[in-house]
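Okay, so here's the structure we're looking at.
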Amino acid sequence: MTDDEWQAHTTRQAAKAIGEWLEARGKLHQPIRALAMWELEAMASNAIGNFIVLASQRIKAEPDQHPELTRLLLG
């Protein structure tokens, strides 16, 4: 998978994580502006956690192929 393909995949997975959080929370009829800061932070946390998992899996699957990603996670 190219870096661009991986970025698109990661973005889709983060969007899914945000969507799943919103669905679990309920109140989908409310506009985004009605969300409290803690709710926005929870969505961000889910998306970041998802990115870390995907990045870790990519590094494990392709050792020494993504030094900048390794530095980002370990630096």
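Just so it is clear, the model here is predicted, and its values are computed rather than measured. All values below come from the heavy atoms of this structure, side chains included, with hydrogens, waters and symmetry mates left out.
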- Spacing of CD1 belonging to Ile18 relative to OG belonging to Ser45, to within rounding of 0.5 Å: 11.0 Å
- Which residue pairs pass the side-chain hydrogen bond (donor to acceptor under 3.5 Å, both in side chains) test with at least one member in residues 7-18, sequence neighbours excluded? none
Would you be so kind as to tabulate the donor-acceptor pairs closer than 3.5 Å made by side chains of residues 64-75, with sequence neighbours excluded?
unit_1, atom_1, unit_2, atom_2, d
His66, NE2, Arg58, NE, 3.4
His66, NE2, Glu62, OE1, 2.4
Thr70, OG1, His66, O, 3.1

- Message: For a 4.5 angstrom cut-off between non-hydrogen side-chain atoms, does Arg25 reach Gln30?
- Response: yes
- Task: Determine whether Glu20 and Asn46 make a side-chain contact, defined as any pair of heavy atoms from C-beta on separated by less than 4.5 Å.
- Result: no
- Are Val53 and Phe51 grouped together when hydrophobic residues (ILVMFWY) are joined by side-chain heavy atoms under 4.5 angstrom apart? no
